[in-house]
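Working notes for the structure below.
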Protein chains: 2
Amino acid sequence: MAAGSVREDAGTAARILDVAEELVQVRGFNGFSYADVSAQVGITKAALHYHFAGKADLGLALISRYADRFASELAKLDAGHATPAARLAGYTGLYLHVVRRQRMCLCGMLAAEYQTLPDPMREAVTSFFDANESWLEKVLEEGRQEGTLHFPRTPRDTARVVIACLEGAMLVARPYGDPDRFQTMATSLLAGLTRE
Amino acid sequence: MAAGSVREDAGTAARILDVAEELVQVRGFNGFSYADVSAQVGITKAALHYHFAGKADLGLALISRYADRFASELAKLDAGHATPAARLAGYTGLYLHVVRRQRMCLCGMLAAEYQTLPDPMREAVTSFFDANESWLEKVLEEGRQEGTLHFPRTPRDTARVVIACLEGAMLVARPYGDPDRFQTMATSLLAGLTRE
DNA sequence: GTCTATAACGAGATAGAC
DNA sequence: GTCTATCTCGTTATAGAC
């Protein structure tokens with residue numbers, strides 16, 4: 001990364017995002033400080049401000065990266081799995097991966113703290129949920145046409161229910177620190193869609 | 001409230017709890033301060049410390065009162081509604097009432113912030129969910145025996161799914177500030193139990 | 001039971017040297 | 001790009017008067 005590099009040092013910025021992401025997913029956006037991040041990254045608070053001017057900027061970058069990564073995971077699911085049911089199972093697998101690392105969905109956490117967030121972060125959070133909804137809606141629609149997925153409401157309403165159940169399962173599983181608690185709930189949800 | 005009153009002034013303590021409860025439900029436990037409470041109640045921070053020595057004490061009192069109130073609502077549902085399905089509908093109505101006031105379930109909010117809570121508050125949060133689970137399990141069991149409620153898993157697992165879906169529906173409806181978004185999801189959930 | 005005053009600390013943020 | 005040093009403000013909490 002030498003000549004012509006317009007970007008700041010991507011290595012440090014990425015490490016900052018990694019640390020901050022975990023902090024938000026575990027403690028919430030109002031539950032961590034620049035001091036926490038700088039200590040874990042191994043730089044000073046001042047250096048942190050060089051990469052992300054304010055906490056709101058850091059928060060926004062966090063959501064953007066998280067949403068991008070999620071979108072690319074969804075694209076992988078579209079590419080790798082033939083059937084809608086398999087894509088749906090893959091989708092719940094993404095959540096399980098988060099739960100196994102003792103974390104809450106970044107945007108689920110931020111949804112709880114929504115009223116305290118600056119406007120740019122708010123918009124990014126709703127965009128994340130909207131994107132999830134659109135992807136799920138498509139999968140559900142296709143599964144219904146194939147006759148492999150069954151649900152009484154519209155694909156859009158059902159997509160919202162799926163997101164709510166998975167986010168809620170993460171939320172209430174947190175106090176018990178038990179991934180199995182989440183998995184059992186996720187399995188029940190899928191069972192309801194595949195053979196109702 | 002004159003002679004023999006061993007209790008502190010219940011009026012002020014209750015007003016403090018009312019204000020703090022809303023603040024936690026809207027902004028989270030890490031999103032409000034004693035200054036916020038004292039300003040809204042109309043007393044100083046020092047007076048607040050007289051009633052609740054520390055923020056952890058206030059938080060614990062908050063959960064206890066919330067859980068007691070919830071338990072009494074559940075008792076009312078048991079007394080007032082003959083059928084399990086009606087009790088279940090009443091249960092989702094309790095959540096809807098919270099959503100309509102633009103709030104998150106107190107314990108749902110605290111579940112998100114769980115890792116930052118002092119131990120006594122943590123235990124109170126899990127107790128709340130355990131109590132909900134037990135009540136729902138009983139209702140589901142009864143509905144199954146009557147033949148009015150239908151679900152593939154155990155009553156206990158299904159109770160957990162119901163709680164997760166309702167808490168999650170509150171959570172993801174928050175960014176949109178739209179009670180209808182919650183209601184549609186809750187209706188779908190109930191529909192799945194009453195005629196599967 | 002409520003107040004004023006203040007302590008003690010941590011938060012987000014900035015200036016300017018290297 | 002990172003540092004030291006500092007600022008300002010908000011936070012929880014306490015001491016002691018009324």
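Residue numbers start from 1 in every chain, and the chains themselves are labelled A, B, ... in the order their sequence lines are given, proteins ahead of strands. Here the structure is a predicted model, which is why all the values come from computation and not from measurement.
Phosphate contact (OP1/OP2 of D:dT11, side-chain N/O of B:Tyr34, threshold under 4.0 Å): absent. For the pair B:Thr12 and C:dT2, the criterion of a side-chain N or O lying under 4.0 Å from OP1 or OP2 is met. A sub-4.0 Å separation between OP1 or OP2 of C:dG10 and a side-chain N or O of A:Ser33 is absent.
Partners of B:Thr116 under the side chain to side chain donor-acceptor pair (under 3.5 Å) rule, at least two apart in sequence or in another chain, are B:Asn30.
For the pair A:Asp57 CG and C:dG12 P, the computed distance is 13 Å after rounding to whole Å. Per the geometry, NE2 belonging to A:His51 stands 6 Å off C1' belonging to D:dG1, to the nearest Å. Atom NZ of A:Lys55 and atom P of C:dT14 are 15 Å apart (whole Å). When rounded to the nearest whole Å, the span between CZ of B:Phe32 and P of D:dT11 equals 11 Å. In this structure, NE2 of B:His49 is placed 15 Å from C1' of D:dG16, rounded to the nearest angstrom. For the pair A:Tyr50 OH and D:dG1 C1', the interatomic distance rounds to 6 Å; values are reported in whole Å. Atoms CZ (B:Phe52) and P (D:dT12) sit 15 Å apart, rounded to a whole Å. Atom CZ of B:Arg15 is separated from atom P of C:dG1 by 13 Å (rounded to the nearest Å).
Contact check for B:Met104 versus A:Tyr114: no side-chain heavy atoms found under the 4.5 Å cut-off.
Between B:Ile16 atom CD1 and B:Leu48 atom CG the span is 4.5 Å, to the nearest 0.5 Å.
For the salt bridge (Lys or Arg N to Asp or Glu O under 4.0 Å) condition, the pairs that include at least one residue of residues 68-80 of chain B, sequence neighbours left out, are B:Glu21-B:Arg69, B:Glu73-B:Lys76, B:Asp78-B:Arg87, B:Asp78-B:Lys138.
Using a 4.5 Å cut-off between side-chain heavy atoms of Ile, Leu, Val, Met, Phe, Trp and Tyr, with links allowed through other members, B:Phe151 and A:Val162 fall into the same hydrophobic cluster.
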Check: protein-nucleotides 3-9 of chain C nitrogen or oxygen pairs below 3.5 Å:
{"from": "C:dC3", "atom 1": "OP2", "to": "B:Thr44", "atom 2": "N", "distance (Å)": "2.5"}
{"from": "C:dC3", "atom 1": "OP2", "to": "B:Thr44", "atom 2": "OG1", "distance (Å)": "2.9"}

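Residue B:His97 places its NE2 atom among 12 or fewer non-hydrogen atoms of other residues, nucleotides or ligands, all under 6.0 Å distant.
The aromatic rings of B:Tyr95 and B:Phe70 lie perpendicular to each other, with more than 60° between the two planes, well past the 30° mark.
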